[in-house]
Amino acid sequence: MTVARVDGRARLTNGFFFIEGLRHVFGSVEWVSGGLPGVPEAEHFRRFVVCESADPALRMVFDYGDSADLDEKLMAWAHAYGKVNCTAEQRDAGVVPIGPPFGIRPGRRTAVGLAVRALIPTAADVGWKSTIAERRNFLLRTPQLADFVPGVVDPAYLFYLGSLWEYASCLEVANPLRAAWMRTARQSAGVVFEGGFLPYPSSPEGPPVGLQVQEFADLIWDRRMPIEDWITKTQMSFAVFNTPAVEDCLGWKLGQFLALGKAIVTLPLTREMPEPLVHGRHVHEIESVEDIPAAIEVLRSRPEYRQQLQTEARSYWDEHLGPINTVRRVAAAATRRVADPT
């Protein structure tokens with residue numbers, strides 16, 4: 001059995017998606033406290049899963065940071081550098097676009113053991129307070145991958161619940177677009193809408209919380225929804241809405257929507273996917289807020305088109321995304337690099 005050795009400073013809520021893929025592809029994962037020997041110090045390890053294997057001897061990085069920035073030291077160390085938010089230029093330069101992951105956890109007993117075993121190395125890097133909060137979220141609020149399957153759609157129901165991001169990159173684009181989607185859905189004939197914005201803790205980049213809450217006061221959702229309920233309601237919704245998120249990133253929701261086999265209305269993506277998402281096949285792409293009413297109506301009134309998008313969205317997930325496909329893609333790039341280092 002081949003063992004993938006993982007740097008112990010990775011965050012589980014974000015990183016377990018890749019660790020699960022490593023376990024399936026390599027057979028076993030060893031969590032290395034204090035970091036892997038020879039790995040250069042990154043700016044921080046909250047956006048990376050860094051790993052190596054012995055047979056074959058491969059060095060891989062999975063970068064799930066929101067920005068398009070690369071860590072040049074890890075780039076030089078790795079045989080393959082997989083990146084969620086990869087630009088076209090980076091892809092041309094050899095970076096591997098891996099598409100959007102999202103938070104998942106293993107079964108409860110395995111999750112507890114992993115959270116405890118990886119506690120000290122992560123806390124040493126990012127601090128105890130942040131690590132304890134992250135582990136709590138991993139254990140109590142993170143679903144399992146098996147929960148993300150297509151469900152029964154209600155052709156008269158739309159649901160959207162998302163965070164009201166206060167990052168500067170979301171103020172002019174993502175938040176107003178999502179608000180327009182929800183307000184249009186609420187006003188659409190023959191549609192029952194449920195959802196809103198969850199106010200997010202203020203970030204250093206953003207304005208005071210009250211200004212954002214005031215602007216979208218009619219859309220504020222003032223109670224926490226269990227992730228199980230969010231999944232069920234999203235399964236029921238006849239369409240979902242995607243827009244580039246923090247720093248124009250591929251948000252978790254895009255990956256979740258594809259795994260759930262949803263009819264996705266999306267703005268053009270600004271980051272590379274493993275393969276393009278094609279309008280009219282995998283997604284229904286719009287150019288601006290003015291296109292939202294027509295998109296809702298076409299998906300409400302054309303069940304055969306909606307079903308096609310649902311089927312192709314899940315097929316895209318099965319063929320190109322998910323933990324196993326993601327790790328296989330990066331491992332294949334690393335193998336090619338070892339065979340031909342030029």
Side-chain angles (χ1 to χ4, degrees), residues 10-11 14-15 17-18 21 40 42-51 59-102 165 167-175 177-178 203 205 241-258 264-279 281-283 285-288 313 316-317 319-323 325-337 341-342:
R11 290 165 61 95
N14 300 78
F17 186 96
F18 306 103
E43 179 184 353
H44 57 72
F45 275 81
R46 284 176 284 181
R47 57 177 257 205
F48 302 108
V49 170
V50 179
C51 66
R59 300 193 297 269
M60 295 167 286
V61 171
F62 299 86
D63 179 346
Y64 51 80
D66 292 332
S67 77
D69 296 340
L70 302 173
D71 188 288
E72 298 297 338
K73 292 181 180 178
L74 289 179
M75 274 281 292
W77 172 84
H79 293 123
Y81 191 108
K83 185 163 180 62
V84 172
N85 290 295
C86 178
T87 66
E89 294 77 13
Q90 289 167 347
R91 182 175 194 158
D92 292 342
V95 177
V96 183
I98 55 178
F102 49 87
W165 292 109
Y167 293 90
S169 56
C170 296
L171 298 180
E172 296 183 1
V173 181
N175 289 347
L177 281 169
R178 293 183 297 155
S203 77
E205 299 181 64
F241 186 63
N242 176 72
T243 182
V246 177
E247 300 195 53
D248 290 332
C249 74
L250 300 173
W252 277 17
K253 278 189 170 59
L254 177 58
Q256 292 169 326
F257 292 158
L258 290 166
I264 303 169
V265 177
T266 184
L267 272 291
L269 303 181
T270 57
R271 301 289 183 253
E272 294 291 290
M273 293 287 285
E275 295 292 335
L277 288 172
V278 179
H279 168 67
R281 179 183 175 188
H282 306 109
V283 296
E285 187 173 293
I286 62 174
E287 294 296 329
S288 69
Y316 185 97
W317 166 267
E319 293 173 18
H320 303 297
L321 299 177
N325 287 333
T326 298
V327 170
R328 281 176 176 165
R329 183 175 300 107
V330 177
T335 300
R336 291 193 296 270
R337 175 72 180 278
T342 61

Might you point out which heavy atoms bring [X] and [Y] nearest each other, and give the distance in Å?
| X | Y | result |
| --- | --- | --- |
| Pro97 | Pro274 | O-CG, 3.8 Å |
| Ala68 | Thr87 | CB-CG2, 3.7 Å |
| Ala334 | His79 | CB-CB, 3.7 Å |
| Glu287 | Pro268 | OE1-CG, 3.8 Å |
| Leu70 | Val95 | CD1-CG2, 4.0 Å |
| Glu275 | His320 | CG-CE1, 3.5 Å |

I need the [X] [atom1] to [Y] [atom2] distance, nearest 0.5 Å.
| X | Y | atom1 | atom2 | result |
| --- | --- | --- | --- | --- |
| Asn242 | Leu267 | CG | CG | 8.0 Å |
| Leu74 | Arg47 | CG | CZ | 8.5 Å |
| Met60 | Phe48 | CE | CZ | 15.5 Å |
| Tyr316 | Arg281 | OH | CZ | 10.0 Å |
| Leu321 | Phe17 | CG | CZ | 7.0 Å |
| Phe62 | Ile98 | CZ | CD1 | 6.5 Å |

query = By salt bridge (charged side-chain N to carboxylate O under 4.0 Å, His left out), which residues pair with Arg328, not counting sequence neighbours?
reply = none
Partner set under salt bridge (charged side-chain N to carboxylate O under 4.0 Å, His left out) for Arg91, not counting sequence neighbours = Glu272
ask   = Taking the six-membered ring for Trp, are Tyr64 and Phe18 parallel (under 30°), tilted (30 to 60°) or perpendicular (over 60°)?
value = parallel
ask   = Is there a side-chain contact between Val173 and Pro244, using heavy atoms and a 4.5 Å cut-off?
value = no
ask   = Can you tell if the side chain of Leu254 reaches within under 4.5 Å of the side chain of Leu269, non-hydrogen atoms only?
value =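 Touching, per the 4.5 Å side-chain cut-off.
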request  = Kindly write out the residues that satisfy side chain to side chain donor-acceptor pair (under 3.5 Å) with Arg336, not counting sequence neighbours, or none if the list is empty.
outcome  = none
Checking side chain to side chain contact (heavy atoms under 4.5 Å, CB included) between [X] and each of [options], which is the one that passes?
| X | options | answer |
| --- | --- | --- |
| His282 | Leu277, Leu258, Thr266 | Leu277 |
| Pro100 | Met273, Gln256, Arg271, Lys253 | Met273 |
| Asn85 | Val246, Leu250, Asp63 | Leu250 |

message = Could you walk me through whether Phe257 and Val265 satisfy the side chain to side chain contact (heavy atoms under 4.5 Å, CB included) test, starting with their C-alpha distance in whole Å, then the side-chain angles of each, then the deciding distance to 0.1 Å, before giving a yes or no?
response = CA-CA 10 Å; Phe257 292 158; Val265 177; over 6 Å; no
message = Given 3.5 Å as the limit, does a donor-acceptor pair link the side chain of Arg59 with the main chain of Trp77, or not?
response =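 The answer is yes, because a donor-acceptor pair under 3.5 Å joins these two groups.
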